[in-house]
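Scroll down for the structure; my scribbles are underneath it.
Note that the numbering runs from 1 along the sequence shown for the chain. Reckoned from all heavy atoms, side chains included, excluding hydrogens, waters and symmetry mates.
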Amino acid sequence: MRYTTPQRPFVVAEIFPRLAPLARAATRLHPRPGSPTPYDSSVGGPLLWPADEPWPHCEAQHEPGRAKPLLSPDDVRAWRHHRRACEERRRIDPRGPWATPEELAREKAILVGRPWPEGPIAMLPVAQLHVRDVPLLPRPAQSDADLLQVLWCPFDHPEHPRTALFWRSAATVTKPLATPPEPSAVRFESYLPEPCLLAPESVTEYPNYLELSHELQEQLGDLSRWQAGAGPALGSSYRIAPQERYMDMLSTAPGWKTGGWTRWGLTDPVPRPCPECGREAEPLLTIATTEWASGGESWAPEDEQTHPTPLLPGSPPANFTMIDIARGYDLQLHACPVSPNHPHIELIQ
């Protein structure tokens with residue numbers, strides 16, 4: 001399917017012209033559950049990985065913590081399968097049993113957990129993006145790479161999974177790896193992405209309110225300017241703090257995306273210099289918990305408001321990938337614009 005972000009109620013740069021030169025293109029990825037192949041752009045799908053190239057492993061120490069039992073990737077898949085079956089049974093017969101005795105026994109066996117893994121941990125595929133599908137994907141300077149692959153270690157480092165980025169030319173992978181290794185366990189089941197296909201869509205973004213100049217912030221807080229430019233489209237709920245209209249609906253898009261502007265909120269904006277060369281790192285990929293938050297339904301695609309995509313059992317609103325970052329936040333990856341060999345930056349917001 002194609003997904004279309006509803007048109008914004010007005011063009012904010014026409015009301016505040018100083019925003020116009022700050023516009024940036026971002027690509028909303030719109031991941032939805034599917035069956036991707038190694039040749040597709042995907043979240044949580046198989047990677048187009050060369051058979052003769054070692055699979056990435058995390059060599060760091062992983063300290064056991066107090067958490068619910070560890071599950072293997074296959075345990076998580078089986079648990080989700082059983083939950084979906086229970087949800088479907090309840091939908092068909094609301095008064096019927098929630099689960100069969102066999103399903104309850106299977107879940108009980110799954111939740112016993114797995115031993116804490118020892119040694120290097122095989123990384124999990126998080127995202128694969130082909131430039132043919134995401135033409136605006138920010139690529140390394142002077143590079144002919146057309147495929148970005150993102151993996152992570154499914155354990156906290158210290159508060160979220162550690163990511164690894166790989167750029168390559170898809171045409172050079174003539175013999176893909178058929179069966180990549182998997183970790184014996186994951187820290188939380190929400191660190192195993194549900195396989196999703198993508199429906200990329202280009203949108204226009206403007207900086208987070210906190211990144212704007214003091215003058216622009218004052219203008220966005222001036223109700224008379226909004227009334228002159230937007231009229232009733234401003235909405236009565238924004239009369240006291242009209243700048244919140246900008247923050248909620250007119251600046252940065254929620255959900256999985258590439259490029260655009262950084263979404264701040266958990267912290268104030270901070271510099272993101274490349275650890276290697278000092279150049280300011282640029283937004284590359286946002287790994288989101290939800291496609292839109294409660295109260296942000298204006299970002300839900302028009303197609304989905306008419307024909308909603310079913311959510312997986314136990315999901316928070318619009319959590320199609322089953323990923324949960326730091327209890328509902330996003331993991332934003334910033335990359336050096338100079339070299340793909342320079343380390344990237346991870347930012348929780």
Side-chain angles (χ1 to χ4, degrees), residues 31 33-38 42-86 99 102-128 149-166 175-196 287 289 312-315 319-327 331 333 344 346 348:
S35 300
T37 74
S42 66
V43 165
L47 302 184
L48 188 63
W49 193 269
D52 59 354
E53 184 175 324
W55 186 261
H57 284 69
C58 181
E59 304 281 350
Q61 294 292 324
H62 302 89
E63 299 295 333
R66 294 183 179 180
K68 51 187 176 181
L70 300 179
L71 303 182
S72 72
D74 281 343
D75 290 338
V76 175
R77 295 179 186 112
W79 182 85
R80 290 176 181 173
H81 174 79
H82 281 268
R83 288 285 128 177
R84 282 192 286 265
C86 292
E102 292 78 14
E103 288 171 337
L104 291 175
R106 174 62 175 145
E107 285 203 5
K108 184 178 180 180
I110 289 173
L111 295 177
V112 168
R114 302 283 179 167
W116 190 266
E118 298 182 0
I121 294 177
M123 288 187 153
L124 286 173
V126 177
Q128 175 168 271
Q149 296 171 321
V150 182
L151 301 93
W152 68 20
C153 171
F155 286 80
D156 289 332
H157 293 267
E159 300 171 347
H160 57 78
R162 175 181 292 171
T163 55
L165 308 184
F166 295 87
K175 185 179 180 182
L177 180 64
T179 308
E182 285 195 328
S184 61
V186 299
R187 188 72 174 89
F188 302 106
E189 61 267 22
S190 58
Y191 287 175
L192 178 69
E194 185 73 9
C196 290
I287 299 170
T289 296
L312 295 169
S315 304
N319 177 243
F320 301 102
T321 65
M322 298 293 283
I323 285 176
D324 188 350
I325 301 290
R327 297 184 179 181
L331 177 59
L333 307 184
H344 64 283
E346 300 170 334
I348 291 285

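Every residue two or more places apart in sequence or in another chain that forms a side-chain hydrogen bond (donor to acceptor under 3.5 Å, both in side chains) with Glu189 is listed here: Lys68. Residues forming a side-chain contact (heavy atoms from CB on, under 4.5 Å) with His344 (at least two apart in sequence, or on another chain): Thr163, Leu165, Leu333, Glu346. Every residue meeting the side-chain hydrogen bond (donor to acceptor under 3.5 Å, both in side chains) condition with His62, not counting sequence neighbours, appears here in chain and number order: His157. Scored by the side-chain contact (heavy atoms from CB on, under 4.5 Å) test, Pro125 finds Leu47, Trp55 as partners (sequence neighbours excluded). In this structure Pro120 satisfies the side-chain contact (heavy atoms from CB on, under 4.5 Å) test together with His57, Glu59, sequence neighbours excluded. Taking the salt bridge (Lys or Arg N to Asp or Glu O under 4.0 Å) definition, one finds that Asp156 meets it with nothing, sequence neighbours left out. In this view, Glu182 and Arg77 satisfy the side-chain hydrogen bond (donor to acceptor under 3.5 Å, both in side chains) rule, not counting sequence neighbours. Contacts of Ser184 classified as side-chain hydrogen bond (donor to acceptor under 3.5 Å, both in side chains), with partners at least two apart in sequence or in another chain: none. By the salt bridge (Lys or Arg N to Asp or Glu O under 4.0 Å) test, Glu159 is found to be paired with no residue, residues two or more places apart in sequence or in another chain being considered. Under the side-chain contact (heavy atoms from CB on, under 4.5 Å) criterion, Asp75 pairs with Leu71, Ser72, Ile110, Arg114, sequence neighbours left out.
Distance check: Leu331 CG to Arg162 CZ gives 12.5 Å after rounding to the nearest 0.5 Å. Distance CG/Leu111 to CZ/Arg106: 10.0 Å, rounded to 0.5 Å. Expressed to the nearest 0.5 Å, how far NE2 of His81 lies from CD of Glu103 amounts to 7.5 Å.
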Worksheet entry | Evaluation steps, side chain to side chain contact (heavy atoms under 4.5 Å, CB included), between Val76 and Arg80 | CA-CA 6 Å; Val76 175; Arg80 290 176 181 173; 3.5 Å; yes
Worksheet item: When you look at Ile348 and Ile325, which way does the side chain to side chain contact (heavy atoms under 4.5 Å, CB included) test go after all the steps?
Response: CA-CA 8 Å; Ile348 291 285; Ile325 301 290; 3.3 Å; yes
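Panel note: side chain Gln128, backbone Leu48; a donor-acceptor pair is recorded below 3.5 Å. Between the side chain of Asp74 and the backbone N or O of Ala78 there is no donor-acceptor pair closer than 3.5 Å. For the pair Trp152 (side chain) and Tyr191 (backbone), a donor-acceptor distance under 3.5 Å is present. Distance alone, capped at 3.5 Å, places no donor-acceptor pair between the Thr321 side chain and the Pro193 backbone.
The salt bridge (charged side-chain N to carboxylate O under 4.0 Å, His left out) analysis of residues 46-55, with sequence neighbours excluded, yields the pairs Glu53-Arg168.
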